[in-house]
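Contents: one structure, followed by commentary.
In each ligand, atom 1 is the first atom listed, and ligand 1 is the first ligand listed.
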Amino acid sequence: MIYKNYDIFEILYKDKLPDSNMFKFLKDKLKDWTSKISRDKSEEVEKNEEKKPRVKKEKSKKIIVAPEEEEDAKTFLGRIKEKISKVKITEKEFDVYSEELKTLLLENNVAFDVSEKIIAKLREKIVNQEFLKKEVEEQIKDSLKNIIEDILIEPFDVAKNVKEKSFLEKKPYVILFCGINGSGKTTSVAKIADYLKEKGISVVIAAGDTFRAASIEQLKKHGERIGVKIISHDYGSDPASVGFDAINYAKRNSIDCVLIDTAGRMHTAKNLLKEMEKIVRVCKPDLKIFVGESVTGNDAIEQAKAFDETVGLDGIILTKADIDEKGGTSLSVGFVTKKPILFLGTGQEYENIEVFDRKKFVEKLGL
Ligand SMILES: Nc1nc2c(ncn2[C@@H]2O[C@H](COP(=O)(O)OP(=O)(O)OP(=O)(O)O)[C@@H](O)[C@H]2O)c(=O)[nH]1
Ligand SMILES: [Mg+2]
């Protein structure tokens, strides 16, 4: 019987906010950008006020009021006026502002298509709309926040899917990891194994990288540290058969989940991508995850697209988010590939893996 008391683990395990410098630059610059629009609009309202004829004001001077009362009345009226002044952003003005926003986004690794999409949506939401002067900045921030949240694809709960399959079908759930050399696949396999164990899920790892020197030893070391069995063959052997063996081991031992590590391969190396196809054919993974470095910007998007064309990806892990100060890749990779980001790698320790949460992620942008 594979069933375990998962709920207790659910309560014990806390998904944390990504602990990273992500959006360090974009956050401040977006704030400057929205404040600038708000400032421009305030100045415009003030200028228009100055231009108005003052005839009525002259007349009202005849009413005798104590100086302090006059002062009070002015500030009170001023405050009311301030609150009710309405402003509009015209098409032409938006063109100027949107060019600035586009540059900002592109500089921070947001893909071209994604920045275009953000700007088009923002145009729809704010151009020619009447805003209270006081609220311009908040309204633009809010619109941006909603647009970005919509662009990100809602991730599914990997642990839940594993539990469902292993409990209902009494079969191990198989996860395949792929990506280019050094992107963080093996580290992510170990982190996910540890994460699933924390949730009460039993795991076995297949050492599917039979190519790179010391890759099997590297994985065995992780296995010892996190207490997970590693299934391995010799160097140079067929990675598909390592995966197949690990799946059989899991079936025999009622293990809930099999994680298959693979050798790094460039997304441009067609013959190596073909090898991935064979692993998929033999092991029939339930989940195919692309592991990419957040710091590489648009390159990660190109890689994800190439792996998706060959193996058909289901989700993405973006590693090294802890050293990615721009953050644009995470914003765009899902949109371009239409695959959800499932986890962010945020460091070199096992616990440095974060379930991707759209709302928390957008908070990091300071919107
Ligand atoms: N800062 C940081 N480093 C990471 C993260 N994930 C992996 N690394 C580091 O990246 C380096 C490469 O990680 P591996 O897991 O060996 O990468 P790989 O994709 O398996 O590499 P190959 O098997 O050679 O293709 C190691 O030094 C890891 O510690 C992360 O989220 N943050
Ligand atoms: Mg590796």
* For ligand 1, indicate whether the residue His222 contacts it via side chain, backbone, both or neither (heavy-atom separation under 4.0 Å). => neither
* Under 4.0 Å, heavy atoms only, figure out whether ligand 1 is touched by the backbone of Asn352, its side chain, both or neither. => neither
Atoms in ligand 1 flagged as close to [X], the criterion being non-hydrogen separation under 4.0 Å:
X	answer
Asp209	23 (O)
Gly345	31 (O)
Thr346	31 (O)
Asn181	25 (O)
Gly264	25 (O)

Hey, does [X] come in under 3.5 Å of ligand 1, counting only N/O atoms on both sides?
X	answer
Lys185	yes
Ala263	no
Thr186	yes
Gly184	yes
Gln218	yes
Thr187	yes
Gln348	yes
Gly182	yes

* Considering only protein heavy atoms, which is closest to atom 32 (N) of ligand 1, and at what distance to one decimal place? -> Asp322 OD1, 2.9 Å
* **Shortest protein heavy-atom distance from atom 5 (C) of ligand 1, along with the residue and atom involved** => Gly347 O, 3.6 Å
* Look at Thr262 and state whether any of its N, O or S atoms is less than 2.8 Å from the Mg ion (ligand 2). => no
Atom [atom1] in [X], atom [atom2] in [Y]: separation rounded to 0.5 Å?
X	Y	atom1	atom2	value
Glu351	Thr346	CD	OG1	8.5 Å
Ile147	Lys125	CD1	NZ	5.0 Å
Asp324	Asn108	CG	CG	9.0 Å

Side chains of [X] and [Y]: is there a donor and an acceptor less than 3.5 Å apart?
X	Y	value
Thr262	Asp209	no
Thr187	Gln348	no
Asp308	Thr337	no

* To do: State if Gly179 counts as touching ligand 1 under the rule of any non-hydrogen atom under 4.0 Å.
  => no
* Does ligand 1 have any atom that is closer than 4.0 Å to a heavy atom of Arg265? -> no
* Salt-bridge test for Lys102 and Glu116: reply yes if a basic N is under 4.0 Å from a carboxylate O, no otherwise. => yes
* Asked: Any Lys/Arg nitrogen of Glu100 or Lys36 sitting under 4.0 Å from an Asp/Glu carboxylate oxygen of the other?
  -> yes
* Taking the inter-plane angle between the rings of Tyr97 and Trp33 on a 0 to 90° scale, is it parallel (under 30°), tilted (30 to 60°) or perpendicular (over 60°)? -> perpendicular
* Under 30°, 30 to 60°, or over 60°: which ring-plane class applies to Phe343 and Tyr195, parallel, tilted or perpendicular? -> perpendicular
Taking the six-membered ring for Trp, are [X] and [Y] closer than 6.0 Å centroid to centroid?
X	Y	answer
Phe167	Tyr173	no
Phe307	Phe290	yes
Phe356	Phe361	yes

* To do: Just go through Lys191, Lys320, Arg212 and tell me whose heavy atom is the nearest to atom 23 (O) of ligand 1.
  => Arg212
